[in-house]
2 protein chains.
Amino acid sequence: MGSSSLYLTADQHWQRPGGPILFYTGNEGDVTWFCNNTGFMWEVAEELGAMLVFAEHRYYGESLPFGPDSFSDSKRLNYLTSEQALADFAVLIQSLKKTLPGAERSPVIAVGGSYGGMLSAWFRMKYPNVVVGALAASAPIWQFPGMVPCGDFYKVVTQDFAKSGFNCDTNIRESWKAINNVSSTAPGLQWLSEEFSLCAPLKNKMEVAAFKGWLQETWVNLAMVDYPYPANFLQPLPRWPIQVVCKSLSFDSPVSDYQLLHGVSQAVKVYYNFTGGASCLNTSQTATGSLGVLGWFYQACTEMVMPMCSDGVQDMFEPEEWNFQAFSDECSSMFGVRPRADWAATLYGGKDIASHSNIIFSNGGLDPWSAGGVTQNLSDSLVSIMIPDGAHHLDLRYSNDLDPPSVRAARALEVQYFRQWIRQAEKTR
Amino acid sequence: MGSSSLYLTADQHWQRPGGPILFYTGNEGDVTWFCNNTGFMWEVAEELGAMLVFAEHRYYGESLPFGPDSFSDSKRLNYLTSEQALADFAVLIQSLKKTLPGAERSPVIAVGGSYGGMLSAWFRMKYPNVVVGALAASAPIWQFPGMVPCGDFYKVVTQDFAKSGFNCDTNIRESWKAINNVSSTAPGLQWLSEEFSLCAPLKNKMEVAAFKGWLQETWVNLAMVDYPYPANFLQPLPRWPIQVVCKSLSFDSPVSDYQLLHGVSQAVKVYYNFTGGASCLNTSQTATGSLGVLGWFYQACTEMVMPMCSDGVQDMFEPEEWNFQAFSDECSSMFGVRPRADWAATLYGGKDIASHSNIIFSNGGLDPWSAGGVTQNLSDSLVSIMIPDGAHHLDLRYSNDLDPPSVRAARALEVQYFRQWIRQAEKTR
């Protein structure tokens, strides 16, 4: 295998020797991008006299073990696992402690969000000798088979839209049938393509299905980034973007399919074209290119099996059951591998993790991933922090004047736990 | 990869549903042989209403992932790691719990001795969701670089001989020079080969060095199996074999090199020919063929780096420093791999394991491997049990009328902890 993974460090506030290290367990993308979107660590560094390390996850960003060939076949992809990533992190930390003057006795705290948050939690579980504790922000460690109902994820999305504008969820729920109706004729297809300013006009039913998938993912992404201030995480967006989106979807009496879909197109353009720079909409992408879509899909096709389903009643999406077999077949044709549905539960403990310690699970009430998160304390030292008006790991972002009190309180509590872990470590070393 | 690993089960005493499972984490050999040498589990099964499972470690016994080609190259050997073995065990247990009627809620306790005991301890550390506790008998989890002095191992061997007969250690210490003297002439070489009834006569200095290595390993093995009753673990032997051996080594005045080496040859024949069936002694083997020597050497050449050294003063061996580079070079020429000296410490925590729970570390005072074992309590639930007059995992063997009280007490205490873990599990499930 080629060169080792990329990592970034910042030590301007580090009180050496022995000052703590905040270690970002990189997720499925460019670590530089995550580094820039994790202001919390930068703000806390000064407070704690901490050094920051941001470690990139193998197979993402620049950390390609076989260079440009890393994704060329399943033999090369074999080394892309969460376990290997954790081992990379452990080896990196031990090597920094050995080679960096002043780091030898530094307590290390893992920090991560989303999949990176899962890694942070798992890192503390598997390597308690390497990290004294972990902040797992918006980490859906229970979004695996048999742990939480598969429909909860889309319920949270739906609730966000329901409370962000009059009839907003109802009109989105109606839109799927409207798309089916309108797309059943050639002129309708053409109208749809033009109304949504699609870069590639829709040509057939399969493309319409993909178009609906793209819309669905757009609503999900909006729920993830429903931040209280203008931000650019997955896309550049106004504050409380779902409220803005819902302004185009607040019809209160029956409207025609065309009127409804015009509302939808206005809505999605808030997400894809808030800056006005997009000449057309590309349905093959829903988020920033800083995320490694292919790598993540491979991980989903091996270990990260996360069942999702919708019923169209408790959520605003077309009913779709979780179909493991179909998913497995797709994985097989794409990568020549089949997912191991139960492996994550066996490896990372599923709901049976109470014997571990020093992990904070923070979750946002607006974040669909909270459905698979730990939202209640499991013990004195496995604690849950809820941020009712927070979206996806809002707590990890830079503080902002428009932050709700709940996220300010969450961050303060997180730092308290950090201090407690550091004190513990000082006592026992 | 080929078929999965072998495992044996015994359920005649199992109280289903829900009765506990004692799970033997197989080590570097035939699991059937370990199964027959772990009478403790058989005796405890009835007491606890437990099912027994003995799982073979991949690459040993019949569990060859690539069949007869499993050792043919380093690509195939890649999958031989302790981590993979632990994952095999976890997957096996989860699958038994799913498919075996009555097993779903059975608490599982890991049991193992020696390397298998290390695996038991590590299994509880890494998969506390799968096993509620572990008995790690004579498990040298600290016999890794930087954790214990490299000379302690041979000191324990020496002490065993010192206390088992007058001048016994002194005469063995003298024997190395006698071998050097006698082997310096051709007639001496021939005499040595005949005196020791070697199958292949010694021809040169390199072979003499190997001969001395074989003798050293013989003394070590005797220390490991210095049991209080006749037993056949590594070899068929009388009770307290070192006392028997030392009868041939109790000269109290200076004797000639030839007299001394005659004593040594009588001594080693106790080990290699107690039954009188050996027509000659084969210096290429020191123990039962049920152990997988090649696989273990590969593991030592990758993860299981265990420094040993001797000084000839505090021990009875020729002075030899621990030479990692020479060892690494040997690994490179043999397997094309080089060991990672620090990986075991990073992966399994080294001395920093206090955050784990429910592990018994039992150690025998006569056992050289106790030098790398946990011989003091680390916490309320990481406990050490010392058996001062026990050799290598005596507690795991069938009980015997000649057992010393210390091993009886150890077994009773171990069962008490088992019961406690089972009660804990019943409370929380």
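Below, chain A is the first sequence line, B the second, and so on; all start at residue 1.
Looking at B:L347, the atoms closer than 4.5 Å to chain A (heavy atoms on both sides) sit in the backbone and in the side chain alike. For a residue to count as touching a neighbouring chain, one of its non-hydrogen atoms must lie under 4.5 Å from one of that chain's; by this rule A:A354 does not touch chain B.
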Pairs of donor and acceptor atoms under 3.5 Å between chain A and chain B, please, with atom names and distances.
unit_1: A:K98; atom_1: NZ; unit_2: B:D342; atom_2: OD2; d: 2.5
unit_1: A:K126; atom_1: O; unit_2: B:K126; atom_2: NZ; d: 2.4
unit_1: A:K126; atom_1: NZ; unit_2: B:K126; atom_2: O; d: 2.4
unit_1: A:N129; atom_1: ND2; unit_2: B:A345; atom_2: O; d: 3.4
unit_1: A:N129; atom_1: ND2; unit_2: B:T346; atom_2: O; d: 2.9
unit_1: A:D342; atom_1: OD2; unit_2: B:K98; atom_2: NZ; d: 2.4
unit_1: A:A345; atom_1: O; unit_2: B:N129; atom_2: ND2; d: 3.4
unit_1: A:T346; atom_1: O; unit_2: B:N129; atom_2: ND2; d: 2.9

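Shown here are the side chain to side chain contact (heavy atoms under 4.5 Å, CB included) partners of A:A341, two or more places apart in sequence or in another chain: A:P145, A:F324. Qualifying side chain to side chain contact (heavy atoms under 4.5 Å, CB included) partners for A:A50, counting only residues two or more places apart in sequence or in other chains: A:P20, A:L22, A:L48.
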